[in-house]
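Computation of the quantities below employed the complete heavy-atom set of this structure, encompassing side-chain atoms and omitting hydrogens, waters and symmetry-equivalent molecules.
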Amino acid sequence: MRTIILLLISCLAIQAKPYQAGRILPPASSASCKVKAREPFNPSGIWLQKGVLYEISATGSIREGSCKDSDAAGFKASDCGSPLPNVDLTLAGMEALKRDKKSNWLCLTAALYDQPSGDFKNLLAVQQFSIGRSLRLKPAASGQLVLFVNDVMTGYENNSGTLSVTIKRIQ
């Protein structure tokens with residue numbers, strides 16, 4: 001009976017380990033990937049570790065519909081042409097629907113997932129954060145780095161352009 005209990009406990013311990021997809025960057029190394037503005041989920045292939053210092057930076061040009069080109073910092077609704085000065089009625093009315101309410105439209109954003117998936121929309125991220133042009137961070141959780149530009153989940157079809165992203169492990 002004791003053997004069975006120990007076997008069950010060890011099986012539970014094995015199942016409790018978090019999933020790890022992607023490679024772990026060694027200290028002082030980096031990796032690059034592309035983020036397509038039209039895609040709501042762009043897996044980087046990198047696993048970020050909790051408490052390790054990383055720097056993520058991006059270059060490139062992206063666009064949302066008829067708005068002017070922007071970089072990874074994105075833009076405010078008022079920056080996108082409108083018949084009224086300083087207001088884009090379509091985007092301003094949808095601010096509450098953006099995936100990251102605090103960030104600009106099309107701002108480079110990331111989520112960490114500790115589960116395998118090809119369909120991340122049905123998973124809960126363990127952490128989400130805005131990157132913009134660059135960000136240094138120590139993640140509060142470990143997970144697969146999935147990148148996206150900040151938009152409404154159903155609004156990616158009118159986006160265009162690509163960002164080149166570099167993930168560098170500092171520590």
Checklist entry - Counting only heavy atoms not in K102, do more than 12 sit closer than 6.0 Å to its NZ atom? => result no
Next on the checklist: Membership question, hydrophobic clusters at under 4.5 Å side-chain separation (ILVMFWY): are L53 and L112 in the same one?
Outcome noted: no
Checklist entry - Transitively linked via ILVMFWY side-chain contacts under 4.5 Å: I170 with I24? => result no
Does any non-hydrogen side-chain atom of [Y] lie less than 4.5 Å from one of [X]?
| X | Y | result |
| --- | --- | --- |
| S32 | V165 | no |
| F148 | P40 | no |
| I62 | V149 | yes |

If only atom types and distance count, is the side chain of [X] paired as donor or acceptor with the main-chain N or O of [Y] below 3.5 Å?
| X | Y | value |
| --- | --- | --- |
| Y54 | L135 | no |
| Q144 | D114 | no |
| S44 | L145 | yes |
| R38 | E157 | yes |

Could you work out, with salt bridge (charged side-chain N to carboxylate O under 4.0 Å, His left out) as the rule, every residue matching [X], not counting sequence neighbours?
| X | value |
| --- | --- |
| D100 | none |
| R133 | D71 |
| R99 | none |
| E55 | R136 |

Checklist outcome for this item: Hits for side-chain hydrogen bond (donor to acceptor under 3.5 Å, both in side chains) against S61, two or more places apart or cross-chain, chain-then-number order -> D69
Interatomic spacing from [atom1] in [X] to [atom2] in [Y] - rounded to 0.5 Å:
| X | Y | atom1 | atom2 | value |
| --- | --- | --- | --- | --- |
| I56 | L108 | CD1 | CG | 8.0 Å |
| L137 | S130 | CG | OG | 11.5 Å |
| L123 | Y113 | CG | OH | 6.5 Å |
| L147 | F41 | CG | CZ | 12.0 Å |

Next on the checklist: Working note: I167 + L25, criterion side-chain contact (heavy atoms from CB on, under 4.5 Å); need CA distance, chi angles, decisive distance, verdict.
Outcome noted: CA-CA 9 Å; I167 304 111; L25 292 175; 3.9 Å; yes
If only side-chain N and O atoms count, and only distance matters, is there a donor-acceptor pair under 3.5 Å linking [Y] with [X]?
| X | Y | result |
| --- | --- | --- |
| N159 | D151 | yes |
| S134 | S57 | no |
| E64 | N158 | yes |

Item to check | Derivation and outcome, side-chain contact (heavy atoms from CB on, under 4.5 Å), residues L106 and N104 | outcome: CA-CA 6 Å; L106 299 196; N104 286 341; over 6 Å; no
Next on the checklist: Show me the pairs that pass side chain to side chain donor-acceptor pair (under 3.5 Å) and involve residues 162-171, at least two apart or across chains.
Outcome noted: K34-S164, Q49-R169
Checklist entry - Within 45° of the ring axis of W105 and under 6.0 Å from its six-membered ring centre, is that where the NZ or CZ of K98 lies? => result yes
